[in-house]
Amino acid sequence: MFGKVALVTGASRGIGAAIADALARAGAHVVLTARDQDALSRQVQVLKSDGLQATAVPADVRDEASVKALLAEIRERCGRLDAAVNNAAGGGRPPAPLGEWTVEDFDGAIAVNLRGVFLCLKYEIELMLETGTGAAIVNMSSTAGEQGVAGLTGYTASKFGVGGLTRVAALDYAAQGIRVNAIAPGPILTDRLAAAGQAAQDGVAATVPLGRIGVPGDVAAAALWLCSDQSSFVTGTVLTVDGGRLAGTPAFKVSG
Ligand SMILES: NC(=O)c1ccc[n+]([C@@H]2O[C@H](COP(=O)([O-])OP(=O)(O)OC[C@H]3O[C@@H](n4cnc5c(N)ncnc54)[C@H](OP(=O)(O)O)[C@@H]3O)[C@@H](O)[C@H]2O)c1
């Protein structure tokens, strides 16, 4: 990734911060974005103190003007964009049956997780096409984008949509050398699972065939591969990083 410019959304913490770190250690100049400018600046300082190239540009991915301004700033500062990881997500509410989701709850999840990915793709691809040297995009889906999850109406619908956006964008821009893939992580230890406590984490780990919850670095390694030339024949795919959870269900226990 030496000499390349990479954008990571939702890079102020969790999986996005780990992806920014992995791309920067691989030699890229990484532009980190999220809404909270202070958190972003702290993350950039961590990278810079290790001698890595990183820049913070705050943006709200739900807002078209904000995403346009983000990409305009990258054009101005860096003149190109070689890789992008559309990882930002949010707008959730506690799990509840579909009928208890309000329209506002639903629209909130769709706005950040789906419209946000659409807006980022639209303006990232515009800048990538300007240099015309090929590029790679990774959209962050979830195992909830491959399999329904009870209680998570808005999140599940938005992540299934991310898979659709990924496949269409991959087809639309393959001829121009822009590869578009997605990652579907299973349970990963970031703030939400950390806050749930050890007992809850143990319960989740017990549902994972590999016997543990993932760490942000597990997803970052996959994102780095999909952004790099190592995956140059891979586009339009959703790569599951879930410890085997989506592979199937455990065998029935039958006696005799
Ligand atoms: N952790 C898991 O178990 C898991 C499992 C499957 C999939 N995923 C997916 O992996 C990704 C990262 O998850 P995570 O657990 O690391 O999330 P997280 O800790 O909640 O971090 C979310 C990041 O997105 C940013 N963000 C939220 N709303 C935004 C907006 N409107 N505009 C710009 N940035 C915004 C946040 O910063 P600000 O609040 O400052 O904007 C933060 O940097 C998400 O797409 C998530 O759906 C996670």
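One is the number of the first residue; the rest follow in order along the sequence. Only heavy atoms go into these numbers, but all of them, side chains included; no hydrogens, no water, no symmetry mates. Each ligand, and each atom within it, is numbered from 1 in the order the structure gives.
- Within the structure, the closest approach of D60 to ligand 1 falls below 4.0 Å when heavy atoms are considered.
- Of all the heavy atoms of A11, the ones lying under 4.0 Å from any atom of ligand 1 belong exclusively to the backbone.
- Residue V238 is not grouped with residue Y155 when hydrophobic side chains (ILVMFWY) are merged at heavy-atom distances under 4.5 angstrom, including chains of intermediate members.
- Inclusion of G90 in the set of residues having an N or O under 3.5 Å from an N or O of ligand 1 is not warranted.
- Comment: D21 engages R25 in a salt bridge, judged by a side-chain N to carboxylate O separation of less than 4.0 angstrom.
- In this structure, L189 is not a member of the same hydrophobic cluster as I183, with clusters built from ILVMFWY side-chain heavy atoms closer than 4.5 Å.
- Partner T55 forms a side-chain hydrogen bond (donor to acceptor under 3.5 Å, both in side chains) with one of K48, H29, E73 and no other, that one being H29.
- Other residues, nucleotides and ligands place no more than 12 heavy atoms under 6.0 Å from the CD atom of Q37.
- At a 4.0 Å heavy-atom cut-off, ligand 1 touches A59 through the backbone alone.
- Counting heavy atoms closer than 4.0 Å to ligand 1, residue K159 contributes side-chain atoms (C-beta onward) but none from N, CA, C or O.
- Under 4.0 angstrom from ligand 1, the non-hydrogen atoms of V61 come from both its backbone and its side chain.
- For atom 39 (O) of ligand 1, a protein heavy-atom neighbour is present inside the 4.0 Å cut-off.
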